[in-house]
Amino acid sequence: MKKILSIENLTVLGIILGVIAGIYIPDLMLNLKIIGDVFLNLLKMIVIPLIFVSIFMSIASLSSSDDLKNMGIKAFLYYVSTTALAVLTGIIITNIIQFDVSDISRSEEAIKVNHFTWESFINNLIPSNIFQSFAEGKAIHVIIFSILFAIAVVGLANRKKEIIVGFFDGANDAFLKIARWIIALSPIGVFALIGYVVADKGIGVIISLWQYVVVVLIGIFIHAVINLGLIAYIVGKVNPFKYFKQVREALLIAFSTCSSSATLPVSLEVATEKAKVDKKVAGFVLPLGATVNMDGTALYEAVAAVFIASVYGIELSLFQQIIVFITATLAAIGAASIPSAGLVTMTLVFSAVGLPLEGIALIIAVDRFLDMFRTATNVWGDLIGAKVVARFMNK
Ligand code: ASP
């Protein structure tokens, strides 16, 4: 009985009931938004302290600076190669399944999406006031500061080092304990979150864009199950089905919150406690991955570019498809780990191949729905990354 009523199963039930309630009692679900917001705020509350402490602890527990270099390079190679593989999968699928767009009208609507520029991205990479970055939840700033701080602490005299490391070690355990309490609320939290989204958007919008939705979902399925499954099995030497069962709570939360960063407390908890991934690897690869590694987003950006090109009657040449490949990979790395972030960085892909930005207005209606699947894929990619890097670090 205890097994049947596990948090994971209750979370699945929460999602199913949320969809049903969103369809049949939308007014009530719109009013229950507050419950979903509270759950989301609780997750966000713990994310920034957790990122700081887990990256710090991860680096502080490495035996040498070579180990850090080693782990950093492996994580980087994993992130870039799997993201590129995701885009490639998206491009290949859109070449095989052609869109029939005869009944979709072009959009002339001016769009409200902000432009993404690399200049501002790079400019924003270095924090000028770390307390402000903490307060504003800038994950990448906190990561950079945490890495520098950890390297500095490792170089201190033993007595000083032990005090600081001991303090953060305790803080890490305490934060994870809080994460566990929040996870216990997930069934109710996801019920309210999903119920609100279904009540707010309706599911009718999916029907008019069904081809686009289906192609993105097929791509995501192939990447998540086949590509990442094989990488887990062959490179990570782990049974992907077993691993999926151990970490599924994180994927359900990613699906419901549409935010890799809000999911991080759950990913860290399930990876280290349920799947027993080496703590120092998970503590580094998961927070960094939540911020830069987004396979689902990358794939979706590529499919969206080809779809909008078809709607506007633009045939993308091989060269343009290569540009889509490069820019979608970069756009996914640059996307923030919050809902709809992929929509913002998509402007980068569209501008690079000369697609009309108004095209984005056409797909906004189904963005939240697809965001659920791509965020779950993003987090799945991070979790497999932790296993893969751990395998090579333990050698
Ligand atoms: N919501 C996604 C994430 O947090 C990013 C995106 O594709 O919009 O991972």
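Just so you know, ligand 1 is whichever comes first in the structure, and atom 1 is the first atom listed for that ligand. In this text the structure is predicted, and so the values were computed from the model without any measurement.
If you number the atoms of ligand 1 from 1 as listed, the ones under 4.0 Å from a heavy atom of T297 come out as 5 (C), 6 (C), 7 (O). Heavy-atom proximity to S337, at under 4.0 Å, picks out these atoms of ligand 1: 4 (O). Those atoms of ligand 1 with a heavy atom of G342 less than 4.0 angstrom away are 6 (C), 7 (O), 8 (O). Against a heavy-atom cut-off of under 4.0 Å, S259 is close to the following atoms of ligand 1: 4 (O). Near N378, meaning under 4.0 Å from one of its heavy atoms, ligand 1 places the atoms 2 (C), 3 (C), 9 (O).
Looking at R368, R374, M372 and measuring to atom 7 (O) of ligand 1, the nearest heavy atom belongs to R374.
Residue-level proximity to ligand 1 for L343 is absent, since no heavy atom of it falls below 4.0 angstrom. Within the 4.0 Å heavy-atom criterion, the part of S340 lying near ligand 1 is the backbone and not the side chain.
When the shell of 6.0 Å around CG of L10 is examined, it contains more than 12 heavy atoms from other residues, nucleotides or ligands. By the 6.0 Å contact criterion, CZ on F244 is open, its count of non-hydrogen atoms from other residues, nucleotides or ligands being 12 or less.
Looking at atom 1 (N) of ligand 1, its nearest protein heavy atom turns out to be D371 OD1, 2.8 Å. Annotation: atom 2 (C) of ligand 1 to nearest protein heavy atom, T375 OG1, 3.3 Å. The shortest contact between atom 9 (O) of ligand 1 and any protein heavy atom is with S260 OG, 2.4 Å.
Using modelled atom types, one finds a donor on one side chain and an acceptor on the other under 3.5 Å when comparing N227 with T89.
Here's the thing with C258: one of its N/O atoms is less than 3.5 angstrom from an N/O atom of ligand 1. Not one N or O of A336 is nearer than 3.5 Å to an N or O of ligand 1, by distance alone.
Salt-bridge annotation for K177 and D173: absent, with no side-chain N of the basic residue lying under 4.0 Å from a carboxylate O of the acidic one. Of the charged side-chain nitrogens involved, at least one lies within less than 4.0 Å of a carboxylate oxygen, so that R374 and D367 count as a salt-bridged pair. Under a 4.0 Å N-O distance rule, the pair R368/D371 does not qualify as a salt bridge.
Contact between L370 and L217 at its shortest, heavy atoms only, is CD2-CD2, 4.1 Å. M29 approaches A199 most closely through the heavy-atom pair CB-CB, 4.0 Å.
Note on ligand 1: A335 sits outside its first shell, no heavy atom being nearer than 4.0 Å.
F373 has its ring centre no less than 6.0 Å from the ring centre of F221.
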